[in-house]
Amino acid sequence: GPPWLALHEARRQAYDTEAGLALNYAQDVLHRTDETVGQALDAIVQLERAGLASCTERARAAMREIDLTSSYIQAVGHVRDGTMECSSQGGPPVALDKPAFRTSRGVFVYDVVPLVAGGPNPLLGLARGGIIVLVHRDLPLDIWTAVPDVTLEVLHLEAGRTLMARGRVDPAWLARLGTRDAVTFVAGDRLVAMVRSQRFVSTAAVAAVPAHHLEQRVATTTRRLVPVGLFAGLAAAAAILLLARRQTSMAAALRAGLRRDEFVLLYQPLFDLRAGACVGAEALLRWRRPTGELIGPDLFIPVAEQSGLITRVTARVLELVERDAGGYLARHPEFHIGINLAPADLRSHAIVDAIDTFLARTGARPANLIVEITERGFLDLDSARTVIAALRGRGIEVAIDDFGTGYSSLSYLETLDLDFLKIDRSFIEAIGTDAPTSQVVGHIMAMARTLDLRMIAEGVESEAQAAFLRTHDVHYAQGWLFGKPMPFADAAWLASSARRPSVQAGAA
Ligand SMILES: Nc1nc2c(ncn2[C@@H]2O[C@@H]3COP(=O)(O)O[C@H]4[C@@H](O)[C@H](n5cnc6c(=O)[nH]c(N)nc65)O[C@@H]4COP(=O)(O)O[C@H]3[C@H]2O)c(=O)[nH]1
């Protein structure tokens, strides 16, 4: 019957979600590895072409220049007869061990180069034509992961060996990739994702997450798919299962849903923690099926993203905000509406035009909008930066969503200009408990302060959590304590009724 189907579906969805997370980690590592290898090869080619495989003053100056301008390169040197005779770091000659292997590009890979003799972080060396580039073996693995005990590894497929690793690796994984570009599988107590580099086809990255997260996710997904004792709920779950079974039909249904205007927005109040007042709302999308069931975004946004429909969904969201709140925003310049963008939205300037149109049609001000971005899937950093700059240039504020969940990594914080960091609800949930993640929120807050970002806490359910956040200078909060997602009129009513007492408090 449907409950069994739902359990089965929960398992499939849980696997997809966890595998997606592991793939994200692997992709992150791969991206950093590609950058590292790319910079190393560029350096070698540059010095080779200039005939600078030597220790002359000119060669050493060129090496120092490369060292200073390449973020992933630790040092560049000249190697002859198994000795690094000089390097951009200065110091005496360094005797090298035998290279571990030679790649088909003619690059010799040295496993351990003790640049600082007996130093704590042995470097990896890549050498060709008398030039050696030294890189930190930890740097490509230095990504933010929300779950503890993640294994990260960079593999050389030709050589059939590990280049860099953090955590427990298993040599047997290598064979699972075969000729594919990416693969996920369960091995023992772990879920493993492997991705092959498109730039350097003999390198691949691996991420392995503990499989017990999978079981937890099956449990929560089952709870969501099987609403207790509701036949309607079961029917909805069954309907979703039928759709989800074949993503193509789900995409077709989404397309039809867009055509038939089946999407609606609910608005979750955003509270200023100090003033204790509602100062805005986040727009959250729902799909109202012709049967009357409301389907949550977790089920259809990923399909919209995979099927290329997401930019149309985002355009619809702007239309709906205009319909629900346009007039109100024009009259309430201090009210903020949070809108979720998908990574695909940040790939072109179209979203900026759509927002300009929205502002022109509604008379709302740029400061009315907070755009929330997440890095589910892969963010094209260059175009994201351009789009974000265009939005911020207009006075629209930008928040990074899902921070710490593994979707939004530390590297994004460093490279994107942002206004807000949204602390994910999983970390708020852990406040004051002895969950292993209970300390994470402190680190996230410290990071936000360092980067000069204001903070929005998500999923605040208790007064104790709110008090904790208030004392730690978190500006805004959302969550069931303040209000569940509701029709716009209700959120607007909250904002106007909540503003009065706070104005009096300010005047007193
Ligand atoms: N347990 C608990 N949950 C709370 C609490 N307060 C809020 N939530 C839920 O947490 C989610 C917060 O949204 P999000 O992190 O932006 O996460 C959103 C967002 O990433 C995505 N999403 C929603 N609307 C859109 C949209 O219009 N476009 C895009 N691209 N994504 C959307 O879907 C995600 C899920 O949205 P929802 O299902 O509406 O789920 C919402 C909200 O209903 C609380 O106190 N306790």
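Ligands are counted one by one from 1 in listed order, and the atoms in each one are counted from 1 as well. Here the structure is a predicted model, which is why all the values come from computation and not from measurement.
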Q. N/O of Lys422 under 3.5 Å from N/O of ligand 1, yes or no?
A. no
Q) Polar-atom distance check: Glu458 versus ligand 1, any N or O pair below 3.5 Å? A) yes
Q: Considering the heavy atoms of Glu461, write down every atom of ligand 1 situated less than 4.0 Å from one of them.
A: 1 (N), 2 (C), 44 (C), 45 (O), 46 (N)
Q | Summary of ring-ring contact (aromatic ring centres under 6.0 Å, His included) pairs that have at least one residue in residues 288-324, sequence neighbours excluded | A | Phe263-Phe300, Trp287-Phe300
**Q.** Polar atom proximity, Thr314 to ligand 1 (N or O, under 3.5 Å)
**A.** no
Q.
Only heavy atoms of Pro485, strictly under 4.0 Å: list the atoms of ligand 1 that pass.
A. 43 (O)
**Q.** Selection residues 468-477 - residue pairs positive for side chain to side chain donor-acceptor pair (under 3.5 Å), sequence neighbours left out
**A.** Arg274-Asp473
Q) Counting heavy atoms only, which of Leu284, Val460, Thr311 comes nearest to atom 41 (C) of ligand 1? A) Leu284
(Q) Heavy-atom contact check, 4.0 Å cutoff: does Gln268 meet ligand 1? (A) yes
Q) Are Asp490 and Tyr267 linked by a side-chain donor-acceptor pair shorter than 3.5 Å? A) no
**Q.** Subset of ligand 1 atoms that lie under 4.0 Å from at least one heavy atom of Gly479
**A.** 6 (N), 45 (O)
Q.
Check contact between Lys484 and ligand 1, using heavy atoms of the residue and a distance below 4.0 angstrom.
A. no
Q: Give yes if a backbone or side-chain nitrogen or oxygen of Gly296 is under 3.5 Å from a nitrogen or oxygen of ligand 1, and no if not.
A: no
